[in-house]
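Proteins get letters first, then strands, A, B, ... in listed order; numbering begins at 1 in each. A quick note: this is a predicted structure, and the numbers were derived from the prediction, not measured.
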Number of protein chains: 2
Amino acid sequence: MDRTDGTGSGAGPARGREATRERILASARELFTDEGYGAVSSRKIAAHAGVNVALINRYFGAKRGLLTEILREDGVFPGLIEGDRGSLTRRLAEHAVSRLHGEGTALQRALDHSAGDPDLQAVYQGRITSALIDPLEAYLGGGSDARAHASLIAVVMLGLTRVRLVEGATALRAQEREDLTRRVEAILDLCLTDFHEE
Amino acid sequence: MDRTDGTGSGAGPARGREATRERILASARELFTDEGYGAVSSRKIAAHAGVNVALINRYFGAKRGLLTEILREDGVFPGLIEGDRGSLTRRLAEHAVSRLHGEGTALQRALDHSAGDPDLQAVYQGRITSALIDPLEAYLGGGSDARAHASLIAVVMLGLTRVRLVEGATALRAQEREDLTRRVEAILDLCLTDFHEE
DNA sequence: TGGTATAGGTAAACGCTGTTGACCTTGTCA
DNA sequence: TGACAAGGTCAACAGCGTTTACCTATACCA
């Protein structure tokens, strides 16, 4: 009936559904990392994987399916929205500032640049919601305003990415790093305080 | 030598360089407003203007030139970065919250959705810098950290747009409007305080 | 052992995009 | 009348994401 992905017989690249899928995915990841989503065409990915173009759509539905698959594998803010509640904003601030300085994996940096692509709007929409806002809401305890607080956090986190993308954020990166981190932390704390107290 | 844009002789649409340019621009503005930048093709704009496609590139260099021209005509935050300094953040907060609620001109709303288009990155980069960060820096008096403060303001303003775009910001729009405005105002104030005081 | 169904892969086309270069037409001036 | 130039058109180019029809080689079953 089916080889269930036996590793070929030695000659030529591995065949079989799973092996091919994986080869396409690996090529996409590598090329997206180096050149960004928009700059890499389906044909280029296929050529790099030594595979026909049509297979991309066969296995992943469409080009954006490749990115969806890649993104599924790693979270947006791994390890940040868990653990001690008191230092949540500190962790988020440190992460945001490090991203501002171009740290993080090459893939993360590349995908920041692709975040605005109209073709990817639905992909990023799902990602921001499911990997940032939803977990934050749950982490914050689910009070009536928890989701609004989570959204405000997202405003700052996404805003920082966008300003870096669109303007370079030179002035921010020129600040003493600890000063900037503390400032972002304070802003994030303000995002989390009760809307009605004063 | 040249008619210098006389208004034709009556029959058919107006001819002449300036009239044609204006007709293309008007069509682009209308279509961008209704459908967004990415969804409108050069050929569609040309057809709507009753003009050959090639003229778009002749007069505006490329499709993005149309948007550049349109954006040149109205500022990003008209009237906000001037006047009383004490209420700057209040004005900005009110503006941001109104945008969150889908207010503002139809063109502004449409262009928010196009802000991430890779083809427009340079256009928006110039716009954010020259119409938001630069004026803010000047308005703030040009102290050594003025540009960093302006950048932080931009973080919040752009972040709000992005969260609305990508997530809908339902939870934020569900907040009592005055509460949310005051919160954003407080956050913006925090963006403007000295980095080194504590 | 032979026949067949099927999974996996390929080639070629479709319709679309933004853009460009060669051509033509029209009006003006010498 | 002839030359010139501005304004406009047509047709093509190269590329994109995607789809359809076809081929091939394997695995199973009679």
Side-chain angles (χ1 to χ4, degrees), chain A residues 1-24 27-28 31-32 35-68 114 117-123, chain B residues 1-24 27-28 31-32 35-68 114 117-123:
Chain A
M1 189 210 276
D2 181 57
R3 275 186 309 169
T4 320
D5 186 35
T7 52
S9 49
R15 295 218 147 205
R17 184 176 183 85
E18 219 44 50
T20 304
R21 237 189 81 100
E22 215 48 53
R23 220 139 38 83
I24 295 173
S27 294
L31 292 171
F32 287 165
E35 313 177 27
Y37 178 82
V40 179
S41 72
S42 300
R43 284 170 178 82
K44 191 166 189 172
I45 297 169
H48 187 276
V51 141
N52 191 279
V53 207
L55 290 188
I56 291 180
N57 296 293
R58 177 186 294 288
Y59 286 141
F60 300 95
K63 185 190 173 190
R64 85 176 66 85
L66 280 170
L67 193 64
T68 308
S114 308
D117 198 306
D119 186 43
L120 299 180
Q121 185 164 333
V123 176
Chain B
M1 188 213 273
D2 181 58
R3 277 184 307 165
T4 323
D5 186 36
T7 53
S9 47
R15 295 219 146 203
R17 185 177 184 83
E18 217 46 48
T20 303
R21 236 188 83 102
E22 215 49 51
R23 222 139 36 82
I24 295 174
S27 294
L31 292 172
F32 287 165
E35 312 178 27
Y37 178 83
V40 180
S41 72
S42 300
R43 282 170 178 81
K44 193 166 189 172
I45 297 169
H48 187 278
V51 141
N52 192 278
V53 207
L55 290 187
I56 291 180
N57 296 292
R58 179 185 292 290
Y59 286 140
F60 300 95
K63 186 190 173 190
R64 86 176 64 86
L66 279 169
L67 193 64
T68 309
S114 307
D117 199 306
D119 184 44
L120 299 180
Q121 185 163 335
V123 176

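A:Arg43 places its CZ atom 15 Å from the P atom of C:dT10, with the value rounded to the nearest Å. To the nearest angstrom, C1' of D:dG17 lies 9 Å from CG of A:Asp119. The CD1-P distance, from B:Ile45 to C:dT17, rounds to 11 Å in whole Å. Whole-Å rounding puts the B:Glu35 CD to C:dT17 C1' distance at 16 Å. Going from atom CZ of A:Arg17 over to atom C1' of D:dA25 covers 17 Å, rounded to whole Å. Per the geometry, CD belonging to B:Glu18 stands 15 Å off P belonging to D:dA6, to the nearest Å. Look at CG on B:Asn52: it is 12 Å from C1' on C:dC24, rounded to the nearest Å. Between the C1' atom of C:dG18 and the CG atom of B:Leu67 lies a distance of 15 Å, rounded to the nearest Å.
From A:Arg58, atom CZ reaches atom CZ of A:Arg17 across 8.5 Å, with rounding to the nearest 0.5 Å. A distance of 6.5 Å separates OH of A:Tyr37 from CG of A:Leu67, quoted to the nearest 0.5 Å. Put simply, CZ on A:Arg21 and CZ on A:Phe60 are 4.0 Å apart, with the number rounded to the nearest 0.5 Å. Taken to the nearest 0.5 Å, the NZ atom of A:Lys44 stands 12.0 Å off from the OG atom of A:Ser27.
Shortest non-hydrogen contact noted between B:Lys63 and B:Asn57 is N-OD1, 4.1 Å.
Of the residues B:Ile56, B:Leu55, B:Val53, the one that meets the side chain to side chain contact (heavy atoms under 4.5 Å, CB included) test with B:Ile45 is B:Ile56.
Scanning residues 55-63 of chain A for heavy-atom distances under 4.0 Å to DNA chain C yields A:Leu55, A:Arg58, A:Tyr59.
Phosphate proximity of D:dG7 to B:Thr20: absent, as no side-chain N or O sits under 4.0 Å from OP1 or OP2.
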